[in-house]
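Note on naming: letters A, B, ... go to the chains in the order of the sequence lines (proteins, then strands), and numbering restarts at 1 for each one.
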Amino acid sequence: MTTYRAIRGMVDILPDQTPLWQSMETAALEVLSSYGYAEIRLPIIESTDLFARSIGEVTDIVEKEMYSFPDRNDDSMTLRPEGTAGCVRAIVQHNLAVTTQRLWYMGPMFRYERPQKGRQRQFHQLGVEAFGVATPDQDVELIALSRQLWRRLGVDDALQLEINSIGSAADRVRYRQALVDYLSGHRDQLDADSQRRLDTNPLRILDSKNPETQALLESAPALSEYLDTETQAEFAALLSQLDLLGVTYVVNPRLVRGLDYYNKTVFEWTTDRLGAQSTVCGGGRYDTLVATFGGKDTPAAGFAVGLERLILLMQSLDITVTAAADLYVVTADENAYRHSLPRLDALRRQFPDLDIVQHLGGGSFKSQFKRADKSGAAWALVYGEAEVSANQVSLKPLRVDAEQQTIADGELATFLAGYLAEAHSA
RNA sequence: GUGGCUGUAGCUCACCAGGUAGAGCACCGGAUUGUGACUCCGGAGGUAGCGGGUUCAAGACCCGUCAGCCACCCCA
């Protein structure tokens with residue numbers, strides 16, 4: 001008998017974890033809709049070409065991390081490594097860019113990397129994308145929105161915003177040349193990865209962690225000096241609006257990000273509580289991507305949140321959510337069970353928000369109450385022999401020290417309405 | 001993809017100069033007749049990740065493999 005395990009880098013999210021996930025998802029949904037963002041649902045598989053063109057042929061993601069395979073028609077398909085490409089594809093395909101769009105999506109992404117904490121092969125992202133606004137107020141809204149989510153989740157104190165402007169494509173062509181010119185003179189002092197990147201993707205050398213490389217970069221030309229005046233003004237405006245909102249940030253001139261489609265604003269929310277996988281959220285502006293895919297010229301910006309990392313961060317801060325029912329129903333015997341069945345059915349209809357768990361499988365009162373206690377339910381709803389024959393029910397509080405009370409069937413609805421009102425105000 | 005650490009009951013771990021495994025928690029049952037939590041008693045649960053080797057004998061040593069973790073790398 002072979003025993004099966006989830007394949008490497010793919011993890012099960014078990015029932016003791018899903019309440020935390022759901023509360024996070026609900027918070028995100030509420031924050032997003034409060035800013036007028038609408039959900040878009042996208043396929044998990046797209047043509048390989050889509051990702052290669054948008055993310056960049058020489059990026060690590062495309063070169064060695066994609067789950068690509070030929071389908072039965074021998075076309076090359078890829079499990080999405082990120083969400084922006086598919087979102088932009090949908091925008092163009094359905095011609096949604098005729099007006100501005102504020103969109104979000106949530107779902108699994110796939111990257112063939114070596115797993116460690118905060119890094120899986122299948123992981124989940126919340127993506128937020130905005131199309132049609134070229135001015136920095138859009139960037140500000142995205143950042144403000146993300147910070148609102150951190151506050152809502154109670155993780156804002158653990159997160160730091162790093163931000164930079166990487167300019168237009170033209171700016172970067174000029175800067176890239178200057179950087180290559182400078183570093184070529186010191187080629188032998190670069191680490192192996194950086195030497196390789198000198199020919200392929202020189203800007204990525206900027207965020208190398210190698211100390212010698214970093215030292216070398218101290219006297220390298222600065223990207224900020226290659227930005228045109230308009231971009232500089234926009235970046236300054238963006239920062240001043242963040243100041244207005246009281247968003248604290250660190251301008252990190254070495255922040256460049258690993259996907260080719262970004263321009264102008266790039267930013268990351270990072271934490272020191274997750275070890276090496278410190279980026280919880282990252283994004284920026286990508287003004288040319290829509291046109292690249294054949295749409296009309298449409299400015300755009302967005303970000304992605306790593307949901308596993310967010311959960312890890314919440315857990316590191318001892319944020320817990322438990323799902324416990326309101327009522328756990330205990331019945332004395334077959335007759336009491338039959339008596340309770342239609343009554344509970346009516347209750348569920350009358351109180352859709354009430355969580356009612358019925359004890360199944362019989363057993364002694366004692367064992368049923370044990371289960372009731374372990375379930376975490378607030379009350380045990382008791383149908384004993386006496387209650388049934390008198391058309392009554394007993395309510396035993398399980399979480400507070402108070403007396404059990406027995407009331408008439410007809411009074412239960414009133415009681416529960418009062419309980420729910422109290423629970424909501426609490 | 002590179003380097004390192006780890007892998008024993010559901011969970012956290014222990015034992016042992018190499019001689020066929022234990023604890024705590026969790027789980028199930030019981031402590032007189034319709035009531036949980038605390039306590040007490042009892043029970044179930046492991047071919048020691050998997051495969052091979054050395055040995056009279058291996059969970060303990062060696063090799064391989066798989067998986068997790070840490071760093072690199074990468075990014076969310």
[X] [atom1] to [N] [atom2]: how many Å, rounded?
| X | N | atom1 | atom2 | value |
| --- | --- | --- | --- | --- |
| A/Asp60 | B/rC72 | CG | C1' | 13 Å |
| A/Asp191 | B/rC73 | CG | P | 8 Å |
| A/Gln116 | B/rC73 | CD | C1' | 9 Å |
| A/Arg399 | B/rA37 | CZ | P | 11 Å |
| A/Phe365 | B/rG29 | CZ | P | 16 Å |
| A/Arg121 | B/rA67 | CZ | C1' | 11 Å |
| A/Gln120 | B/rC69 | CD | P | 8 Å |
| A/Asp373 | B/rC28 | CG | C1' | 16 Å |

Note: for A/Ser278 and A/Met10 on RNA chain B, the residue whose nearest nucleotide lies more 5' is A/Met10
Using heavy atoms to find the nearest nucleotide of RNA chain B for A/Pro115 and A/Val280 separately, return the residue whose nucleotide is more 5′.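 First, find each residue's nearest nucleotide; the 5'-ward one identifies A/Pro115.
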Sort out the partner of [N] for me: Watson-Crick or G-U wobble, both distances under 3.5 Å, none otherwise.
| N | answer |
| --- | --- |
| B/rC72 | B/rG1 |
| B/rG64 | B/rC50 |
| B/rU39 | B/rA31 |
| B/rU8 | none |
| B/rA44 | none |
| B/rC13 | B/rG22 |

In whole Å, what separates the [atom1] atom of [N] from that of [M]?
| N | M | atom1 | result |
| --- | --- | --- | --- |
| B/rA37 | B/rC27 | P | 11 Å |
| B/rU55 | B/rA17 | C1' | 15 Å |
| B/rC15 | B/rG49 | P | 16 Å |
| B/rC75 | B/rC5 | C1' | 24 Å |
| B/rG19 | B/rU12 | P | 26 Å |
| B/rC28 | B/rA44 | C1' | 7 Å |
| B/rG46 | B/rG59 | C1' | 11 Å |
| B/rU8 | B/rU20 | C1' | 14 Å |

As a test of reading the structure: which of [options] is closest to the side chain of [X], going by heavy atoms?
| X | options | result |
| --- | --- | --- |
| A/Arg119 | B/rG36, B/rC73, B/rU35 | B/rC73 |
| A/Gln404 | B/rG34, B/rU35, B/rC75 | B/rU35 |
| A/Arg8 | B/rU35, B/rA67, B/rG36 | B/rA67 |

For [X], which contact category applies under a 4.0 Å heavy-atom criterion: base, sugar-phosphate, or nothing?
| X | answer |
| --- | --- |
| A/Ala304 | sugar-phosphate |
| A/Leu259 | sugar-phosphate |
| A/Gln277 | base |
| A/Gly118 | base |
| A/Lys117 | sugar-phosphate |
| A/Gly9 | sugar-phosphate |
| A/Ala380 | nothing |
| A/Val330 | nothing |

Stacking of A/Phe369 on B/rU35 base (centres under 5.5 Å, planes under 30°): yes
N or O in side chain of [X] less than 4.0 angstrom from [N] OP1/OP2:
| X | N | result |
| --- | --- | --- |
| A/Gln368 | B/rG36 | no |
| A/Arg371 | B/rC28 | yes |
| A/Arg114 | B/rG1 | no |

Dump the intermediate steps for side-chain contact (heavy atoms from CB on, under 4.5 Å) on A/Gln315 and A/Ile319, then the final yes or no. CA-CA 5 Å; A/Gln315 288 171 334; A/Ile319 296 169; over 6 Å; no
Answer with yes or no whether [X] presents, from its side chain, a donor or acceptor under 3.5 Å of a partner atom in the base of [N].
| X | N | value |
| --- | --- | --- |
| A/Lys374 | B/rG36 | no |
| A/Lys366 | B/rU35 | no |
| A/Arg309 | B/rC75 | yes |

Whether the [X] and [Y] side chains hold a donor-acceptor pair (N or O, under 3.5 Å, no angle test) is what I'd like checked.
| X | Y | result |
| --- | --- | --- |
| A/Glu129 | A/Tyr286 | yes |
| A/Asn164 | A/Asn252 | no |
| A/Ser208 | A/Asn210 | no |

Hey, does the Lys NZ or Arg CZ of A/Arg121 hover above the aromatic six-ring of A/Tyr112, less than 6.0 Å from the centre and inside 45° of the axis?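 Pair A/Arg121/A/Tyr112 counts as cation-pi.
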Can you confirm if the aromatic rings of A/Trp379 and A/Phe415 lie within a centre distance of less than 6.0 Å? yes
Residues A/Arg196 and A/Asp193 bridged, charged N to O under 4.0 Å: yes
Do the ring planes of A/His186 and A/Tyr182 sit parallel (below 30°), tilted (30 to 60°) or perpendicular (above 60°)?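 If you compare the ring of A/His186 with that of A/Tyr182, the planes turn out tilted.
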Do A/Arg102 and A/Glu141 pass the salt bridge (Lys or Arg N to Asp or Glu O under 4.0 Å) test, and can you show the C-alpha distance, the side-chain angles, and the key distance before you say yes or no? CA-CA 11 Å; A/Arg102 289 179 164 100; A/Glu141 178 175 273; 2.8 Å; yes
